[in-house]
**Q** 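I have a structure here, written as structure tokens, and I will follow up with some questions on it.
Note that this is a predicted model, so its numbers are computed, not measured. All values below come from the heavy atoms of this structure, side chains included, with hydrogens, waters and symmetry mates left out.
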Amino acid sequence: QVQLVESGGGLAQAGGSLRLSCATSERTDTSYTMAWFRQVPGKEREFVAGLAWSGVTLHATSVEGRFTISRASIRNMVYLQMNSLHSEDTAVYYCAATPGRAHHVSSESRNYNLWGQGTQVTGSS
């Protein structure tokens with residue numbers, strides 16, 4: 001089965017940057033909406049950003065202007081460029097995807113059926 005693989009997590013200095021990548025583990029012709037969520041222990045999973053098949057993007061208010069989701073040159077691979085990182089951004093970041101030629105991005109985790117294992121991002125104050 002197709003799996004999602006994240007990379008790029010790590011420790012960032014205050015105000016620093018990281019770029020996360022997410023891609024399907026195998027080549028596939030399926031079109032996907034892809035998104036990023038993050039989760040802190042004891043908290044519910046939070047939507048960060050998403051990219052629909054149509055190219056429409058959606059960013060959470062908490063990261064708008066600092067984080068940017070974009071499509072890589074390789075099909076079914078996305079980036080999350082994270083700038084101006086601070087301690088409140090610390091979380092496990094999960095890549096998510098759902099098949100279909102969607103024209104809009106959903107911020108609800110229940111609408112995604114493929115999930116990566118997560119990558120730790122730590123920001124500093």
**Q** Can you give me the closest heavy-atom contact between Gly50 and Ile69, atom names plus distance?
**A**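 Here Gly50 and Ile69 meet closest at O-CG2, 3.6 Å.
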
**Q** Are Val63 and Val121 joined in one hydrophobic group, where the rule is that I, L, V, M, F, W and Y side chains link up if heavy atoms are under 4.5 Å apart?
**A**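 Yes, it is one cluster - the side chains of Val63 and Val121 are joined through contacts under 4.5 Å.
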
**Q** Compare all side-chain heavy atoms of Ser62 with those of Glu88 and state whether any distance is below 4.5 angstrom.
**A**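 Result no, sub-4.5 Å side-chain heavy-atom pair not found.
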
**Q** Between Ala35 and Phe47, what is the shortest heavy-atom contact and its length?
**A**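 That closest heavy-atom pairing would be CB-CE1, 4.2 Å.
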
**Q** Please determine whether the number of non-hydrogen atoms from other residues, nucleotides or ligands lying under 6.0 Å from atom CD of Glu44 exceeds 12.
**A**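 No, not enclosed.
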
**Q** Does some side-chain heavy atom of Trp36 sit less than 4.5 Å from a side-chain heavy atom of Cys95?
**A**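 Of all side-chain heavy-atom pairs linking Trp36 with Cys95, at least one is under 4.5 Å.
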
**Q** Please answer: with hydrophobic residues joined when any side-chain heavy atoms are less than 4.5 Å apart, are Phe37 and Leu4 in the same cluster?
**A**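 Per the 4.5 Å side-chain linkage, Phe37 and Leu4 are not co-clustered.
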
**Q** Just how far is it from atom NE2 of His104 to atom OG1 of Thr33, taken to the nearest 0.5 Å?
**A**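 Answer for the NE2-OG1 pair, His104 versus Thr33, is 10.5 Å.
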
**Q** If you define the side chain from C-beta out and look only at heavy atoms, does anything of Thr119 sit under 4.5 Å from Val92?
**A**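 Side-chain contact under 4.5 Å: no.
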
**Q** Using a 3.5 Å distance criterion without hydrogens, assess whether the side chain of Glu6 forms a donor-acceptor pair with backbone atoms of Cys22.
**A**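 No, the answer is negative, given that no donor and acceptor are paired below the 3.5 Å cut-off.
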
**Q** Compare every heavy atom of Gln39 with every heavy atom of Arg45, then report the nearest pair and how far apart it is.
**A**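 Heavy-atom minimum between the residues: NH2-OE1, 3.1 Å.
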
**Q** Mind checking the OG1-CG spacing from Thr57 to Leu51? Nearest 0.5 Å is all I need.
**A**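 Going from OG1 on Thr57 over to CG on Leu51, the span is 7.0 Å.
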
**Q** May I have the list of side-chain donor-acceptor pairs in residues 11-21 shorter than 3.5 Å, sequence neighbours left out?
**A**
{"from": "Ser17", "atom 1": "OG", "to": "Asn83", "atom 2": "OD1", "distance (Å)": "2.8"}

**Q** Should the heavy atoms of other residues, nucleotides or ligands under 6.0 Å from CD of Gln117 be counted, would the total exceed 12?
**A**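 No, the 6.0 Å shell around CD holds no more than 12 heavy atoms from other groups.
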
**Q** Spell out, as yes or no, whether a donor-acceptor pair under 3.5 Å connects the side chain of Ser87 to the backbone of Ser125.
**A**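 No, Ser87 side chain to Ser125 backbone: no donor-acceptor pair under 3.5 Å.
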
**Q** Counting C-beta onward and ignoring hydrogens, is there a side-chain heavy-atom pair between Arg38 and Asp89 closer than 4.5 Å?
**A**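 Yes - at least one pair of side-chain heavy atoms lies under 4.5 Å apart.
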
**Q** Which residue pairs satisfy the ring-ring contact (aromatic ring centres under 6.0 Å, His included) criterion with at least one member in residues 52-95, sequence neighbours excluded?
**A**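 Listed once each, the pairs are Trp53-His103.
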
**Q** Drop me the distance from Asp29's CG to Asn76's CG, to the nearest 0.5 angstrom.
**A**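 Taking CG in Asp29 and CG in Asn76, the distance rounds to 9.0 Å.
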
**Q** Would you give the length of the straight line joining atom OH of Tyr32 to atom CG of Leu114, rounded to the nearest 0.5 angstrom?
**A**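 So the gap between those two atoms works out to 5.5 Å.
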
**Q** Verify the cluster assignment for Trp115 and Val105: are they in a single hydrophobic cluster under the rule of side-chain heavy atoms below 4.5 Å apart?
**A**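 Yes.
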
**Q** Would you say the side-chain atoms of Thr90 pair up with the backbone N or O of Gly123, donor to acceptor, closer than 3.5 Å?
**A**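 Such a contact is found between Thr90 side chain and Gly123 backbone.
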
